[in-house]
Structure formats: structure tokens, C-alpha cells
Amino acid sequence: MCVKQFSKEEMAALSKSPYVLRISEKSISFTRDFLKEYRELRLNGMKKREALAKFDLDIDVIGYSRMRGIDYRVMRNARLETDSLFAEAGRSIAELMLQMQNRLTNIQQRYEVYQRLLEIRESGSGGRKILTDKDYYQAIWEAVHKSNNVLQVENLCEILKVSYSGYRLWVVAGVQAQSNNEDVKSIDIIKQEINPIAI
């Protein structure tokens, strides 16, 4: 396929258009406004030549094969956008709302973990305390033991950049210390403390 090259006169004339972004002897680039408006005209059934005339662009100057390629890309992108909208609409509104609610809950609970860490840091003597891994483990433990928790221990450890195995050891040490004080603590309860149920 031979693409028409622009003469200097054609380049000068086309560069005056507010819809032409760049032009060289071999190529032409259009603004986003042009592409958006051109797409709308074509989606409304207007032919390529008529659509170009709306922008004071001559298809004979631009070249039919070049314009066919531009038209193909613009219309393909319009179809892809439409297909993705239909695919998204195929899911029920209730499913989308539930997914969004879960995301919001997750973000809210992460925010609460950061807020708790800030409280721990500010509670130090002399203003600010340097947070230790134990402080992070405490904040994670408090978060995952809330009744409405949706966070997973592994994810929180990854987000806060602390060791998951270190968290588990911290929980076991805390449970054993509590067990020594009470003299009674079953192994089932220890396992439950190590692996709290988290969705």
C-alpha cells in the first residue's frame, strides 16, 4: 500500500487547521478533540468524506488510504470501549455495588490500621516513638480481631513490610505468656489466635 506524501504547500495548508497536531511529508497526527468529534460523527452514520469536510479537511489532500487507516483505528477504539461497557453492564448492579462496598471496607480498615499505628507512635514518651515490629504486630492483631474484619494477616504484613512468620511468633509468645498466667489454655485456642479467620 502506497501512502501519499504531502507537498510543502499541502503541509502548510494542513498545519493551519486547529485539528492537526503534527504533520510531516509522510505522516499526520490529529488532536484528541478531532478524534473524539470525528468518532461521534461516524457513529452517527456520517461517511468519511462528509466527516472530514466538517473539519475543513480535504480527503484528496490527506489521502484516502491514510484516512482509511485513521478511520479504522478510531472506529476500532470506539468498538472496544463499547464492548467493555457492555461486558461491565453484563454484571448485575447489585454485584458491582457489593464489589465496591468490599473495596471501600478494605480501604477503611487499612486506614484504621494506619491510624492505630499513628496513635502508638504519638503515645511514646517525649512526643514520638519509633515503631517496632511489635507495634505493627499489635496493630495487625487488633485489626484482624474486629468483628467486621475483611483484611488478611498476610496482606497486612506485606503492606506494612513486616514478617508474617514474625507476627505468628509474636502471637504464640503472647498466648503462651497469657497461658502461663492463667495456667489453662488449650492448643485449639492457640491455633485460633495464630490463624484468625479472615476473609
Between [X] and [Y], is there a shared hydrophobic cluster once you connect ILVMFWY residues whose side-chain heavy atoms come closer than 4.5 Å?
{"X": "F30", "Y": "M46", "answer": "yes"}
{"X": "W141", "Y": "V153", "answer": "yes"}
{"X": "L52", "Y": "L21", "answer": "no"}

Checking the side chain of [X] only, and the main-chain atoms of [Y] only, is there a donor and an acceptor separated by less than 3.5 Å?
{"X": "R110", "Y": "T105", "answer": "no"}
{"X": "D135", "Y": "T132", "answer": "yes"}
{"X": "S15", "Y": "A12", "answer": "yes"}

Please determine whether the number of non-hydrogen atoms from other residues, nucleotides or ligands lying under 6.0 Å from atom [atom1] of [X] exceeds 12.
{"X": "L104", "atom1": "CG", "result": "yes"}
{"X": "E50", "atom1": "CD", "result": "yes"}
{"X": "E158", "atom1": "CD", "result": "no"}

Determine whether [X] and [Y] make a side-chain contact, defined as any pair of heavy atoms from C-beta on separated by less than 4.5 Å.
{"X": "Y164", "Y": "L169", "answer": "no"}
{"X": "E142", "Y": "E112", "answer": "no"}
{"X": "I159", "Y": "Y114", "answer": "yes"}
{"X": "L117", "Y": "L160", "answer": "yes"}
{"X": "E122", "Y": "L118", "answer": "yes"}
{"X": "Y137", "Y": "S163", "answer": "yes"}
{"X": "V20", "Y": "T31", "answer": "no"}
{"X": "L151", "Y": "V113", "answer": "yes"}

Nearest heavy-atom neighbours spanning [X] and [Y]:
{"X": "V144", "Y": "L156", "result": "CG1-CD1, 4.0 Å"}
{"X": "V150", "Y": "Q109", "result": "N-OE1, 2.9 Å"}
{"X": "I23", "Y": "M11", "result": "CD1-CA, 3.9 Å"}

Using 4.0 Å as the upper bound for N to carboxylate O, is an ion pair formed by E119 and R116?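 Looking at R116 and E119, the cut-off is met.
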
Identify whether the distance between the nearest side-chain nitrogen and carboxylate oxygen of D56 and K16 falls below 4.0 Å.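 Salt bridge between D56 and K16, a charged N being under 4.0 Å from a carboxylate O: no.
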
State whether a side-chain donor-acceptor pair under 3.5 Å links D133 with Y167. no

Value rounded to 0.5 Å, distance of [atom1] in [X] from [atom2] in [Y]:
{"X": "E10", "Y": "E25", "atom1": "CD", "atom2": "CD", "value": "11.0 Å"}
{"X": "L14", "Y": "F6", "atom1": "CG", "atom2": "CZ", "value": "5.5 Å"}
{"X": "E40", "Y": "K54", "atom1": "CD", "atom2": "NZ", "value": "14.0 Å"}
{"X": "Q5", "Y": "S24", "atom1": "CD", "atom2": "OG", "value": "8.5 Å"}

Determine, stepwise, if the pair R49 / D60 fulfils side chain to side chain contact (heavy atoms under 4.5 Å, CB included). CA-CA 9 Å; R49 188 177 293 272; D60 295 325; 3.7 Å; yes

With ring centroids as reference points, do F55 and Y19 lie under 6.0 angstrom apart?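 So the answer is yes for these two rings.
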
Test D71 against every option in R66, R42, K47 by the side-chain hydrogen bond (donor to acceptor under 3.5 Å, both in side chains) rule and name the one that passes.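 Testing D71 for a side-chain hydrogen bond (donor to acceptor under 3.5 Å, both in side chains) against R66, R42, K47 leaves exactly one candidate, R42.
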
Go through the steps for K161 and Y136 under the test side chain to side chain contact (heavy atoms under 4.5 Å, CB included), then give the verdict. CA-CA 9 Å; K161 299 187 180 1; Y136 286 100; over 6 Å; no

Run the numbers on V162 and I140 for side chain to side chain contact (heavy atoms under 4.5 Å, CB included), then give the verdict. CA-CA 10 Å; V162 292; I140 292 169; 3.9 Å; yes

